[in-house]
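Hydrogens, waters and symmetry mates are skipped; everything else that's a heavy atom, side chains included, is used. The sequence lines fix the lettering, A, B, ..., with proteins before strands; numbering per chain opens at 1.
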Amino acid sequence: MSIEMELKEVLKEAVQKAFDISLETSSIVIETPKNKSHGDYSSNVAMQLTRQLRQNPRVIAQAVMDAMRMDSMIEKVEMAGPGFLNFTLSKNRFTKVISEILENKDQYGQQKPNGIRVDLEYVSANPTGSLHLGHARGAAWGDSCARIMKKAGYDVTREYYVNDAGNQITNLALSLNARYRQAHGIETEIGQDGYLGQDIKEEGYALAKKYPQIYLEPNEKNLQFFREKGIEFELNKIKHDLDEFRVHFDVWTSEQKLRDSGAVEQALQTMKEQGYLYEEDGAVWFKTTELGDDKDRVLRKQDGSYTYLVPDIANHKQKYERGFDEIVNFFGADHHGYITRLKASMTALGKDAEKLHVDIIQMVRLVSNGEEMKMSKRLGNATTIHELCQSVGVDAARYFFVSRALDSHLDFDVELAQKKTNDNPVYYAQYAHARMCSIEKQAQDIPVADSYELLVDDKEIELMKSLQEFNKVIIESARTRQVHKVCHYIQDLATKFHSFYNSCKVINKENLELSSQRLALVKATQIVLANALDLIGVTAVESM
RNA sequence: GUCUGCGUAGCUCAGUUGGAUAGAGCGACCGCCUCCUAAGCGGUAGGUCGGAGGUUCGAAUCCUCUCGUGGACGCCA
């Protein structure tokens, strides 16, 4: 049992005994005080009970303390401030974590299956161009979130929804056809909605070489050829870039296949039966205003084609039918207004919209020399995920994207990410890991201890406390999908280690007993740091 | 105008279902390698938590209003 659970049990019993009140352990808050003089752990139960008991919190705290059973791990309990109970634990309680880590190794931190099936959809960029910075943030965040949730015991499916139908794809086909024609010396303009990227130009020319003179006219039959070639080309490029970025998916859902299967019409039919649709101006509308939206939305346009929302409704309907308990989407901030519509659709289909979570990814700005680089996918001059990997490396890129809360705008400082100095936080953590590996390498003739009673230095205790936090961080990060918490944990653990390193010499032939115990602590820290870095897809390097 | 983020130290940002004297990194200043990687460590300076009310034992955190700022408001995706 974790230290926190043990303390909660102790408090629960004491409150029961003192006031005959039965508390849920989940409602008891155990904190780690920032101020060292407040002990190792603290609780505010007394203050929480003030309203119910109508007594001074200090009086309540005293009564709880008097009723408390003195567990062997508790060295001291004190009442402080407005009514906090501060616990100081016996030093040997903290060493338990070392043996747990050494036993479980790379599986340490893995929580038992919690039976919750969750679907995470992220990136889902149209196959009409390379992935750029915004996608990269979504990719790094979504993938890390998947890793963390798996570690926390969730049954995770990683999903990419491919918009391989609709206008954008037709525009792509037209652009390819235009380049194809140009390759044949026929003067052709790229339409206003066309894609001007260099890659598409090259692919058009390549197709001209491979399939000469057959598909010149932009008629429907030929466009279908360019659609297929275009999607194949773009999707392969995307998969290649994601692979380089260490991002992989379990499921690639095709919009075209959803359409072909009749799932789209089926979803519309259900919504119609539920009375949410009506016709006006030759279009089919969805009464989203009845479900919290500020205006109704068109589903089928005057020209008979569907809006973007429609196949996506079918996409999400199927997620429900696939049996997920939680359905999560990571959307770019520019799709914000879309959430209400999507949730409304699920309600209209009789699904529980509460299961559908949409996390918004705030904008990324590329900053270099204090200057912002504007991005436009259509013009083809955006910084791609591949270029980013080339210039700053995958580790730094992934680290930067998950180091900030998702709802904060991110200024990605390319120069900082490129630095191989201590200005760059990713190196700080990797350096800590490399140091640990170096110690292990040099201490191969020293046995790793299995008892740790000599580890009583403040720096050692602080380090063990951080190790103890790992499980909590995983669970909390997964529950809230706040990936950056893992990043902060990594920084904290690295800091505690560097501090320990500077004041506690590990390898000391004069004191083999202490050396072998410290070596065990180093080994445990190295395992946890490597496991934590893996959660965000960053390499735990062994030497630098 | 409506919806939705953000506003915390000079800069970039954390802040544990509301908790004690608001934290970290960078930058500035002062120290530490005859010693396991100085890509490191220790220390100092720096904040009316945008502003005003309210809720309560207690507010950076919750509510209302307000100011600044980014984004979205399409029969595009």
Next item on the list: Could you measure between the two P atoms, the one in B:U55 and the one in B:G70, and give it in whole Å?
Entry: 35 Å
Notebook entry, point to check: Hey, does A:Asp281 reach any base, or is it just sugar-phosphate, or nothing, if we go heavy atoms under 4.0 Å?
Noted result: base
Next item on the list: Would you mind classifying the nucleic acid contact of A:Ala333 as base, sugar-phosphate or nothing, using non-hydrogen atoms under 4.0 angstrom?
Entry: sugar-phosphate
Next item on the list: For A:Thr340, report the nucleic acid contact type (base, sugar-phosphate, nothing); a contact means any heavy atom under 4.0 Å.
Entry: nothing
Item checked: Pairwise P distance for B:A72 and B:G23, with rounding to whole Å -> 38 Å
Check: Yes or no on ring pair (Phe, Tyr, Trp, His ring centres under 6.0 Å) for A:His433 and A:Phe497, after CA distance, side-chain angles and deciding distance?
Finding: CA-CA 9 Å; A:His433 188 266; A:Phe497 172 75; 9.6 Å; no
Checklist line | Heavy atoms from other residues, nucleotides or ligands near CD of A:Glu542 exceed 12 (cutoff 6.0 Å) | finding: no
Notebook entry, point to check: Quick one: A:Gln491 CD to B:U12 C1', roughly how many Å, whole number?
Noted result: 13 Å
Check: How many Å lie between CD1 on A:Ile60 and P on B:C57, as a whole number?
Finding: 11 Å
Check: Base, sugar-phosphate, or nothing for A:Thr307, non-hydrogen atoms under 4.0 angstrom?
Finding: sugar-phosphate
Notebook entry, point to check: Taking the side chain from A:Ser345 and the backbone from A:Arg341, do they hold a donor-acceptor pair closer than 3.5 Å?
Noted result: yes
Next item on the list: Give the B/S/- string for nucleotides 13-23 of chain B, one per nucleotide from 5' to 3', where a protein heavy atom under 4.0 Å of the base yields B, of only the sugar-phosphate yields S, and otherwise -.
Entry: SSSBB-BBB--
Next item on the list: Say whether A:Gln168 and A:Asn163, considering side chains only, have a donor N or O and an acceptor N or O under 3.5 Å apart.
Entry: no
Item checked: Whole-Å distance separating the CD atom of A:Glu415 from the P atom of B:C26 -> 18 Å
Next item on the list: Could you work out which one of B:A77, B:G40, B:C36 sits closest to the side chain of A:Tyr428?
Entry: B:G40
Notebook entry, point to check: Looking just at side-chain N and O atoms, do A:Glu6 and A:Ser2 make a donor-acceptor pair shorter than 3.5 Å?
Noted result: no
Item checked: Length of the line joining A:Asp296:CG and B:G74:P, which is rounded to integer Å -> 13 Å
Next item on the list: Take atom P in B:C29 and the same atom in B:A38, then report the distance between them in whole Å.
Entry: 23 Å
Checklist line | Separation of B:G31 P from A:Asn502 CG (nearest whole Å) | finding: 18 Å
Checklist line | Pairing annotation in dot-bracket form, given for RNA chain B with Watson-Crick or G-U pairs under 3.5 Å and | for cross-strand partners | finding: (((((((..((((.....[...)))).(((((.......))))).....(((((..]....))))))))))))....
Margin query: Nearest heavy atom decides the nucleotide; on that basis, is A:Met363 or A:Ser438 closer to the 5' end of RNA chain B?
Written below: A:Ser438
Next item on the list: Please state the P separation for the pair B:U21 and B:C67 - nearest whole angstrom.
Entry: 34 Å
Check: Do A:Leu49 and A:Gln52 come within less than 4.5 Å of each other through their side chains, counting heavy atoms only?
Finding: yes
Item checked: hbond_proxy A:His335 side chain to B:A72 base (donor-acceptor, 3.5 Å cutoff) -> no
Checklist line | Distance, rounded to the nearest Å, where A:Asp293 contributes CG and B:G74 contributes P | finding: 11 Å
Margin query: For the C1' atoms, the ones on B:C26 and on B:C73, what distance do you get once it is rounded to whole angstrom?
Written below: 38 Å
Check: Can you check the A:Tyr501 OH to B:A39 C1' distance for me, whole Å?
Finding: 12 Å
Next item on the list: Using the C1' atoms only, state how far B:U12 lies from B:C30, rounded to an integer number of Å.
Entry: 24 Å
Notebook entry, point to check: Counting side-chain heavy atoms from CB outward, which of B:A77, B:G42, B:G70 is closest to A:Lys301?
Noted result: B:A77
Checklist line | Syn-anti status, with the boundary at 90° from 0, for the nucleotide B:C33 | finding: syn
Notebook entry, point to check: Going by distance alone, is a donor N or O of one side chain under 3.5 Å from an acceptor N or O of the other, for A:Ser503 and A:Lys459?
Noted result: no
Note to self: Classify the ring geometry of A:His488 against A:His484: parallel below 30°, tilted from 30° to 60°, perpendicular beyond 60°.
What the structure shows: perpendicular
Item checked: Whether A:Phe400 and A:Phe412 hold their rings parallel, tilted or perpendicular, with breakpoints at 30° and 60° -> tilted
Next item on the list: Could you tell me whether the side chains of A:Glu255 and A:Asn315 share a donor-acceptor contact shorter than 3.5 Å?
Entry: no
Note to self: Please tell me if A:Lys295 has a side-chain N or O lying less than 4.0 Å from either OP1 or OP2 of B:G74.
What the structure shows: yes
Note to self: Can you check the distance between B:G46 and B:A22, where both ends of the measurement are the P atom (answer in whole Å)?
What the structure shows: 14 Å
Check: Is any side-chain nitrogen or oxygen of A:Arg435 closer than 4.0 Å to OP1 or OP2 of B:A39?
Finding: no
Item checked: A:Gln168, nearest nucleotide to its side chain (from B:C76, B:C73, B:C36) -> B:C76
Next item on the list: Measure up the A:Phe331 and A:Tyr338 rings against each other and bin them: parallel (under 30°), tilted (30 to 60°), perpendicular (over 60°).
Entry: tilted
Checklist line | Nearest-neighbour nucleotide for the A:Gln362 side chain, B:C41, B:G5, B:A39 considered | finding: B:G5
Next item on the list: Rounded off to whole Å, could you give me the CZ-to-P distance for the A:Arg58 and B:G58 pair?
Entry: 16 Å
Next item on the list: Using the P atom on both, measure B:G15 against B:G47 and round to a whole Å.
Entry: 23 Å
Next item on the list: Would you mind telling me which residue lines up with the more 5' stretch of RNA chain B, A:Asp334 or A:Trp285, judged by nearest nucleotide?
Entry: A:Asp334
Next item on the list: Pick base, sugar-phosphate or nothing for A:Cys504, based on heavy-atom distances below 4.0 Å to the nucleic acid.
Entry: base
Notebook entry, point to check: Between the side chain of A:Ser175 and the main-chain N/O of A:Tyr195, is any donor-acceptor distance below 3.5 Å?
Noted result: yes
